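Take a look at the structure below.
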Amino acid sequence: MELEPLRDGHGRLIGDLRVSVTDRCNFRCQYCMPAEGLPWLERREILSFEEIARLVALFSAMGVRDLRLTGGEPLVRRGFPQLVRMLSDIEDVAEVSVTTNGFLLERDAAALVQAGMSRFNVSIDSLQGDRFYELTRRDALPQVLRGLEVLASFPEAHPIKVNAVAIREFTEEEVLPFAEFARRTPYEVRFIEYMPLDADHAWTPEQVLTGEEIRAAITAVYPLEPEPREPHATARVYRFADGHGRIGFINPVSEPFCGDCNRIRLTADGRLRTCLFSLNETDLREPLRAGADDSELEQIIRDAVWRKELKHHVGEPGFIQPARSMSAIGG
Ligand code: SAM
Ligand code: SF4
């Protein structure tokens, strides 16, 4: 099935869909969730595997090629590898990838690779156990590193990315250890600027440790050279000048990349979001469950995508943080 490409009102072609498969998580990262967790969605509120697969097939017929599964923590959704298999079997889906905190990778890496997962991003914010615990509120660094090692034993899983959120007065101490980690392992480490999507609404602009500050600190010790920028890439990637490893910077706050944004998101309860910072969302679950056919769903999706926000307004006067925090959106 081949449909007209999906385009927004600013002429951007949509090629990337992030699907949150659960709002639940086994961590409580300070920049994302409150210590006590959030009121979880009920099971019946969450899209079934069949519902997700039907929507993904429709999106892929409209030109969405890259599919990233996220959450909450996607690996806590029961039967997750089975969903991966269903989605990677859909014609036109070029790549199924996942963002995970890595806690269950030791258990699931083999099943996920076998099910057709082609890319893995593992989130690790500190390489020191006590600081990892401070940020995630889980004493889980050794478990995550073991999972990463199991994952790395599968050649098909490479290249593997390790993502760290960059927060002022925390991450400075992590910068050189992560640079050294990127140099001695096969992983590409990427720093992501802290965004105002935390459930506690504690974010302030001063807490954003910018990618440029981190790059400068690294290059002073280990000189870096820029890699060419790929279309729609969110990360600015550098290689170490001596050829040992790569490191990337995702700078949504200090250097927004909205002009080039080709992505949309589907929440675990079936709401379509056209921007991380959207204040409105479009319910796809209700029409789906009411028996809408593909052409009706297609029209609802096209209308929503047409209204995709031109840019986010983080750091501008009057910026309003969305009601959903990162784990409920699907980052
Ligand atoms: N639980 C999985 C994980 O942590 O990788 C997937 C979901 S998590 C919401 C996706 C990514 O969003 C993670 O890399 C996480 O570090 C990042 N993230 C969460 N809150 C953030 C925030 N306020 N600013 C920047 N990145 C954030
Ligand atoms: Fe969970 Fe990921 Fe949010 Fe951490 S960042 S609380 S691991 S969803």
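Remember, it's 1-based here, ligands and their atoms both numbered in the order they're listed. Treat the numbers as computed from the prediction; the structure is a model and nothing was measured.
- Partner of Asn101 under the side chain to side chain contact (heavy atoms under 4.5 Å, CB included) criterion, chosen from Asp125, Asn26, Val144: Asn26.
- Interface atoms of ligand 2 facing Cys29, defined by a heavy-atom separation under 4.0 Å, are 4 (Fe), 5 (S), 6 (S), 7 (S).
- Atom CD of Glu91 sits in a sparse spot, with 12 or fewer heavy atoms from other residues, nucleotides or ligands closer than 6.0 Å.
- Applying the 4.0 Å criterion to heavy atoms of Asn101 picks out, from ligand 1, the atoms 2 (C), 3 (C), 5 (O).
- Short contacts between ligand 1 and Val165, defined as distances under 4.0 Å to a heavy atom of the residue, involve ligand atoms 16 (O), 26 (N), 27 (C).
- The N/O atoms of Met195, backbone and side chain alike, include one that comes under 3.5 Å of an N/O atom in ligand 1.
- When heavy-atom distances to ligand 1 are checked against a 4.0 Å cut-off, Thr99 comes that close through both its backbone and its side chain.
- Proximity to Glu193 (heavy-atom distance under 4.0 Å) selects the following atoms of ligand 1: 25 (C).
- Side-chain atoms of Arg246 never come within 3.5 Å of backbone atoms of Phe240 as a donor-acceptor pair (strictly under, hydrogens ignored).
- To the nearest 0.5 Å, the span separating CD1 on Ile247 from CZ on Arg236 amounts to 15.5 Å.
- Crowding of Gln128 atom CD: a count of heavy atoms from other residues, nucleotides or ligands under 6.0 Å exceeding 12.
- A 6.0 Å sphere centred on CZ of Phe319 holds more than 12 heavy atoms belonging to other residues, nucleotides or ligands.
- Between Asp125 and ligand 1, no pair of N/O atoms sits closer than 3.5 Å.
- Protein heavy atom nearest atom 3 (Fe) of ligand 2, with residue, atom name and distance: Cys32 SG, 2.5 Å.
- The distance from ligand 1 to the heavy atoms of Gly72 drops below 4.0 Å at these ligand atoms: 1 (N), 2 (C), 6 (C), 7 (C).
- Ser88 places a side-chain N or O within 3.5 Å of a backbone atom of Ala115 that can act as its donor or acceptor partner.
- Annotation for ligand 1: atoms under 4.0 Å from non-hydrogen atoms of Gly71 are 7 (C), 9 (C).
- Below 3.5 Å of separation, one finds no N or O of Ser327 facing any N or O of ligand 1.
- The heavy atom nearest to atom 8 (S) of ligand 2, considering only Gly72, Ala140, Gly37, is found in Gly72.
- The main-chain N or O of Arg271 is never found under 3.5 Å from a side-chain atom of Asp283 such that the two would form a donor-acceptor pair.
- Sparse packing is recorded around CG of Asn280, with 12 or fewer heavy atoms of other residues, nucleotides or ligands lying under 6.0 Å away.
- The pair Arg263-Asp16 counts as a salt bridge, with a side-chain nitrogen and a carboxylate oxygen less than 4.0 angstrom apart.
- Remark: the backbone N or O of Val21 is not paired with any side-chain donor or acceptor of Thr70 at under 3.5 angstrom.
- For Pro252, the closest heavy-atom approach to ligand 1 does not fall below 4.0 Å.
- When hydrogens are left out, the protein atom nearest atom 2 (C) of ligand 1 is Glu73 OE1, 3.4 Å; that is the closest non-hydrogen contact.
- For the pair Arg131 and Phe170, the distance from NZ or CZ to the six-membered ring centre is under 6.0 Å and the angle to the ring normal is within 45 degrees.
- Near Thr70, meaning under 4.0 Å from any of its heavy atoms, are these atoms of ligand 1: 6 (C), 7 (C).
- With Arg265 contributing its side chain and Thr274 its backbone, the two residues share no donor-acceptor pair below 3.5 Å.
- Under a 4.0 Å heavy-atom criterion, Ser123 is not in contact with ligand 2.
- For atom 12 (O) of ligand 1, the closest non-hydrogen atom of the protein is Met326 CE, 3.7 Å.
- Counting only heavy atoms of the protein, atom 14 (O) of ligand 1 lies nearest to Ser123 OG, 2.8 Å.
- Among all protein heavy atoms, the one lying closest to atom 21 (C) of ligand 1 is Tyr31 CD1, 3.6 Å.
- Among the backbone and side-chain atoms of Cys25, an N/O/S atom is found under 2.8 Å from atom 1 (Fe) of ligand 2.
- Looking at ligand 1, you'll find an N or O of Thr100 within less than 3.5 Å of one of its N or O atoms.
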